[in-house]
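Letters A, B, ... mirror the listed sequences (proteins, then strands); counts begin at 1. In this text the structure is predicted, and so the values were computed from the model without any measurement.
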Amino acid sequence: MKPETQKTFFSRVYTIVRKIPRGKVATYGQIARAIGAPGAARTVGWAMRVCPEQVPWHRIINARGEISLRPATGYHEQRARLKAEGVHINRAGKIDLKKYGWKQI
DNA sequence: CGAATGACCAAGC
DNA sequence: GGCTTGGCCATTC
């Protein structure tokens with residue numbers, strides 16, 4: 001494997017995620033592409049599972065604009081945090097990516 | 001090293 | 001809108 005991958009694939013993910021401004025959200029695939037690993041969206045999810053405190057993990061959602069967590073793993077907390085930042089979630093549990101999506105990539 | 005795992009994604013019905 | 005299928009990828013066992 002490459003030294004870069006070896007160093008910590010996760011640290012790259014965290015670096016990108018920390019750049020997401022308050023009130024904005026990004027998708028797993030978006031993060032994956034940002035670190036030069038398109039297709040590694042699943043791995044990004046894995047990284048979020050062990051994320052440090054400084055990482056705004058709650059701003060990461062799936063490509064459909066929905067919270068990918070299950071009620072038992074932290075869905076409620078994520079929804080509450082997003083709401084606190086002004087991100088509106090409709091009745092179907094979806095977020096308008098065109099409005100809240102992070103277009104910095 | 002092979003097989004399983006998971007906060008994914010796109011396409012089809 | 002909701003479910004299924006096949007494909008991706010790093011990490012873990």
Exercise for the section: Could you check A:Trp46 against A:Arg42 and say which one's nearest nucleotide on DNA chain C is further toward the 5' end? Expected result: A:Arg42
Fill in the blank from the handout: Residue pair A:Ala92/A:Gly39 against DNA chain C: nearer the 5' end by closest nucleotide is A:Ala92
Fill in the blank from the handout: Comparing nearest nucleotides in DNA chain B, the 5'-proximal residue of the pair A:Met48, A:Arg33 is A:Met48
For the pair made of [atom1] in [X] and [atom2] in [N], what is the distance, rounded to whole Å?
X       : N      : atom1 : atom2 : result
A:Ile35 : C:dA10 : CD1   : C1'   : 10 Å
A:Phe9  : C:dT12 : CZ    : C1'   : 16 Å
A:Trp57 : B:dA7  : CH2   : P     : 12 Å
A:Arg64 : B:dG12 : CZ    : C1'   : 13 Å
A:His58 : B:dA7  : NE2   : C1'   : 14 Å
A:Arg70 : B:dT5  : CZ    : P     : 13 Å
A:Tyr28 : B:dA10 : OH    : P     : 14 Å
A:Asn62 : C:dC3  : CG    : P     : 14 Å

Check whether [X] reaches the backbone of [Y] with its side chain - one donor and one acceptor, N or O, closer than 3.5 Å.
X       : Y       : result
A:Gln30 : A:Ile60 : no
A:Thr73 : A:Leu69 : no
A:Glu85 : A:Arg22 : no

Exercise for the section: Quick one: closest heavy-atom pair of A:Arg59 and A:Leu82, and the distance? Expected result: CA-CD2, 4.2 Å
Completion exercise
Shortest non-hydrogen pair, A:Lys94 vs A:Arg64, comes out as CD-O, 4.2 Å
Practice task
Could you please name the option among B:dA7, B:dC9, C:dA10 that lies closest to any side-chain atom of A:Thr27?
Solution key: B:dC9
Exercise for the section: Mind checking A:Phe10 for me? I need base, sugar-phosphate or nothing, with any heavy atom below 4.0 Å counting as a touch. Expected result: sugar-phosphate
Exercise for the section: Determine the Euclidean distance between corresponding P atoms of B:dA7 and C:dG7; express it in Å to zero decimal places. Expected result: 22 Å
